[in-house]
Amino acid sequence: MRVLENLKPERVFYYFEEICSIPHGSGNVQALSDYCVRFAKENELWVKQDEMGNIIIRKEASVGYEDAEPLILQGHMDMVCEKTRESGIDFLQDGLELKTDGKKVWANGTTLGGDDGIAIAYALAVLEAKDIAHPMLEAIFTVDEEIGLLGATGIDLSEVRGRRLINLDSEDEGIFLTSCAGGLSLECSLPMQFEERTGFLCSIEIAGCKGGHSGIEIHKGRLNSNQAMGRILHAMNRQTECHVICLSGGSKDNAIPRYTEGQILTEDIKAAQQAAKKLQEELRREYAGKDDDLTVTVKAQSEKQESVLCLDASSQSMLFNTLMNLPGGVQAMSADVEGMVETSLNMGVMKLECGEGTSGTLVMRLAVRSAMESAKQYLTERTIMMVEQQGGTCRTDGDYPGWAYRRQSPLRDMFVRAYEKLYGKEPVCEGVHAGVECGLFVGKAPDMDCISLGPDMQNVHTAEESLDVASVERTWKLLLDVLSER
């Protein structure tokens with residue numbers, strides 16, 4: 001028996017469970033892409049799969065809708081793979097262990113991939129159905145959205161006939177996205193030198209942070225565990241001499257890191273622990289209501305002094321300076337849209353380790369976002385300049401444009417009418433700070449009319465991610481109502 005067998009709409013949850021059984025983390029979506037090709041062929045639908053794994057499926061209009069404007073259903077196949085420290089899942093080989101209480105769906109100890117598996121499930125359910133009225137439909141499933149919108153960047157739209165695109169990659173029911181920020185990924189590397197020192201070996205970790213999506217949840221002001229590690233190490237070093245051995249935190253540049261760990265060598269373990277405890281109390285006060293459960297832990301790993309390779313004085317100063325001074329979080333709020341973040345920076349990944357001999361590298365991967373192209377470039381250049389002044393190097397990747405608000409949008413009007421008819425209230429139309437693939441589609445086809453929507457999801461990009469069952473059904477009804485409009 002399927003875990004989601006009794007949930008409605010049945011075929012949407014059938015395909016969602018199918019998708020969850022196939023490993024499909026970013027960079028590992030070929031199996032899911034091939035599944036969608038098989039689906040199309042089994043249902044005698046036109047399908048194209050490109051070299052990247054992007055999919056386009058076409059279904060002719062139902063009787064009476066031949067002259068209606070074609071519609072595009074669009075979502076991405078990859079998911080963010082995050083898990084608890086206790087989870088033993090291998091995201092490259094294992095499917096997700098789904099759970100439900102009839103009201104929500106989640107995965108045991110991991111991200112659920114509702115972002116954006118639910119979009120693919122909606123589209124497959126529509127494409128399969130024989131009893132749904134609709135114009136010509138095209139489904140576009142892209143790869144590797146979560147690591148820089150790579151599929152949408154590389155896809156060829158020359159064979160796509162539709163110019164009204166429904167992006168199903170939003171997480172708040174009743175909120176229609178009509179514009180988004182642009183962004184890019186920035187990788188910075190700083191050379192580090194190590195030398196042998198003697199002291200007591202300790203582990204250090206920051207844990208219990210909520211983390212979250214660096215676009216959707218950056219405005220919540222949650223603690224970035226990577227940057228907080230710099231503050232903690234600096235505070236400890238002022239209390240007693242500490243020498244950094246290695247550090248590691250975060251796994252995706254677009255996720256606010258919730259856990260960072262490392263090793264240090266110290267002359268006084270108790271003094272280091274006291275400094276860490278004091279800062280934990282300070283951080284809990286500063287982040288009250290945001291990260292109440294955060295912990296800072298220093299544990300002794302040996303009872304006697306040891307000789308270990310640690311950062312030399314110059315490199316450690318460079319590390320502290322970088323982590324303490326690098327911009328982070330919200331940098332500017334929009335002057336045009338009240339409450340919307342305009343510009344932000346997130347250090348999602350940070351890793352320091354010694355390589356061969358006494359040389360090592362501090363690597364940081366950051367997500368830069370802004371609704372203003374000039375502000376995005378300024379923040380990027382400012383960060384690069386800081387790193388290069390210390391002898392480091394930087395490279396950018398996945399630069400994607402923003403999606404400008406369209407004053408005349410027949411597609412938006414269709415959804416607003418349908419929502420008001422079904423639910424007796426107006427939906428919210430707004431922009432979002434996160435990157436949305438609509439920007440890239442509009443860049444390739446400037447006459448493309450887009451909207452982004454989806455059912456309620458909570459804590460996306462974290463192991464606490466969940467999908468609201470009733471919201472999935474309401475969004476399904478909304479979608480069908482729009483498809484049936486002539």
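Please read these numbers as outputs of a predicted model, since none were measured by experiment.
Counted within 6.0 Å of OH on Tyr378, heavy atoms from surrounding residues, nucleotides or ligands total 12 or fewer; the atom is thus considered open. For CZ of Arg164, the number of neighbouring non-hydrogen atoms (other residues, nucleotides, ligands) closer than 6.0 Å is greater than 12. Counting heavy-atom neighbours within 6.0 Å of Asp90 CG, excluding the residue itself, gives a total above 12.
Taking each heavy atom of Asp116 and Gly75 in turn, the nearest pair found is OD2-CA, 3.2 Å. Taking all atoms of both residues into account, the shortest heavy-atom contact from His219 to Val341 is CB-CG2, 3.6 Å. The two residues Thr111 and Cys81 have their closest heavy-atom pair at OG1-CA, 3.7 Å. Closest approach of Val472 to Pro9, counting heavy atoms only: CG1-CD, 4.1 Å.
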Could you list the donor-acceptor pairs under 3.5 angstrom formed by side chains in residues 393-403, with sequence neighbours left out?
{"residue": "Asp399", "atom": "OD1", "partner": "Lys376", "partner atom": "NZ", "Å": "2.6"}
{"residue": "Tyr400", "atom": "OH", "partner": "Arg369", "partner atom": "NH1", "Å": "3.3"}

Acceptor/donor pairs from residues 63-72 side chains to any protein atom, 3.5 angstrom cut, sequence neighbours excluded:
{"residue": "Tyr65", "atom": "OH", "partner": "Ser484", "partner atom": "O", "Å": "2.6"}
{"residue": "Glu66", "atom": "OE1", "partner": "Gly64", "partner atom": "N", "Å": "2.9"}
{"residue": "Glu66", "atom": "OE2", "partner": "Gly64", "partner atom": "N", "Å": "3.4"}

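In this structure, the separation between CG on Leu7 and OG1 on Thr100 is 4.5 Å, given to the nearest 0.5 Å. Rounding to the nearest 0.5 Å places CD of Glu171 at 12.0 Å from CD1 of Ile118. Between His24 atom NE2 and Leu92 atom CG the span is 13.0 Å, to the nearest 0.5 Å. Rounding to the nearest 0.5 angstrom, the gap separating the CG atom in Asp456 from the CG atom in Leu467 is 9.0 Å. For the atom pair Leu177 CG and Asn167 CG, the distance stands at 8.0 Å (nearest 0.5 Å). Rounded to the nearest 0.5 angstrom, Cys180 SG and His433 NE2 are separated by 10.5 Å.
Pairs engaging residues 4-16 under the salt bridge (Lys or Arg N to Asp or Glu O under 4.0 Å) rule: Arg11-Glu128 [sequence neighbours left out]. Under the salt bridge (Lys or Arg N to Asp or Glu O under 4.0 Å) criterion, the residue pairs touching residues 417-429 are Arg417-Glu485, Lys421-Asp481, with sequence neighbours excluded. Listed by first then second residue, pairs satisfying side-chain hydrogen bond (donor to acceptor under 3.5 Å, both in side chains) with a partner in residues 27-37 read Glu18-Tyr35, Gln30-Asp34, Ser33-Gln49, Asp34-Gln49, not counting sequence neighbours.
Residues passing the side-chain hydrogen bond (donor to acceptor under 3.5 Å, both in side chains) test with Thr380, sequence neighbours excluded: none. Annotation: side-chain hydrogen bond (donor to acceptor under 3.5 Å, both in side chains) contacts of Ser251 (sequence neighbours excluded): Glu82. Looking at residues two or more places apart in sequence or on another chain, you find a side chain to side chain contact (heavy atoms under 4.5 Å, CB included) between Glu97 and Lys99, Asn108. For Asn226, the side-chain hydrogen bond (donor to acceptor under 3.5 Å, both in side chains) criterion is met by Thr260, not counting sequence neighbours. Under the rule for a side chain to side chain contact (heavy atoms under 4.5 Å, CB included), the partners of Ala445 that lie at least two apart in sequence or sit in another chain are Arg163, Asp447, Met448. With sequence neighbours excluded, no residue forms a side chain to side chain contact (heavy atoms under 4.5 Å, CB included) with Pro191. Partners of Lys477 by side chain to side chain contact (heavy atoms under 4.5 Å, CB included), not counting sequence neighbours, listed by chain and number: Tyr423, Glu473.
Although no hydrogens or angles enter the test, the distance criterion places a donor-acceptor pair under 3.5 Å between the side chain of Gln227 and the main chain of Leu326. Side chain of Ser225 to backbone of Pro257: a donor-acceptor contact under 3.5 angstrom is found. In this structure, Lys83 contributes its side chain and Ile89 its backbone to a donor-acceptor pair below 3.5 Å. Here the side chain of Ser87 pairs no donor or acceptor atom with the backbone of Thr84 at under 3.5 angstrom.
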- Would you sort out whether Glu173 and Ser471 count as a side chain to side chain donor-acceptor pair (under 3.5 Å), showing the intermediate values? CA-CA 7 Å; Glu173 182 191 351; Ser471 183; 2.7 Å; yes
- Message: As a quick check of understanding, evaluate salt bridge (charged side-chain N to carboxylate O under 4.0 Å, His left out) for Glu464 and Arg258, giving each step before the final call.
- Response: CA-CA 12 Å; Glu464 287 75 42; Arg258 53 193 294 176; 3.1 Å; yes
- Trace of the side chain to side chain donor-acceptor pair (under 3.5 Å) decision for Glu353 with Thr361: CA-CA 6 Å; Glu353 60 185 2; Thr361 310; over 6 Å; no
- Item | Candidate pair Glu342 and Ser370, rule side-chain contact (heavy atoms from CB on, under 4.5 Å), full reasoning | CA-CA 5 Å; Glu342 177 197 272; Ser370 183; 4.0 Å; yes
- Asn346 vs Asn224, side chain to side chain donor-acceptor pair (under 3.5 Å): CA-CA, chis, key distance, verdict: CA-CA 8 Å; Asn346 178 64; Asn224 181 308; 3.3 Å; yes
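Counting heavy atoms from C-beta on, the side chains of Arg406 and Val442 never come closer than 4.5 Å. Using a 4.5 Å cut-off on side-chain heavy atoms (C-beta onward), Val160 and Phe441 make no contact. In this structure, Pro327 and Arg382 have side chains that are in contact, with non-hydrogen atoms separated by less than 4.5 Å.
Of the N and O atoms on the side chains of Glu261 and Tyr259, at least one donor lies less than 3.5 Å from an acceptor on the other residue. A side-chain N or O of Ser452 and one of Ser170 form a donor-acceptor pair less than 3.5 Å apart. Side-chain contact, Glu146 with Ser26: no donor N or O sits under 3.5 Å from an acceptor N or O. With 3.5 Å as the limit, one finds a donor-acceptor pair spanning the side chains of Asp115 and His76. Remark: the Asn54 side chain and the Thr142 side chain contain no N/O donor-acceptor pair separated by less than 3.5 Å. A donor and an acceptor atom, one from each side chain of Glu437 and Gln74, are located under 3.5 Å apart.
In summary, Glu159 and Lys48 engage in a salt bridge, as defined by a charged side-chain N under 4.0 Å from a carboxylate O.
The aromatic rings of Tyr419 and Phe176 sit perpendicular, their planes meeting at an angle over 60°, well past the 30° parallel limit.
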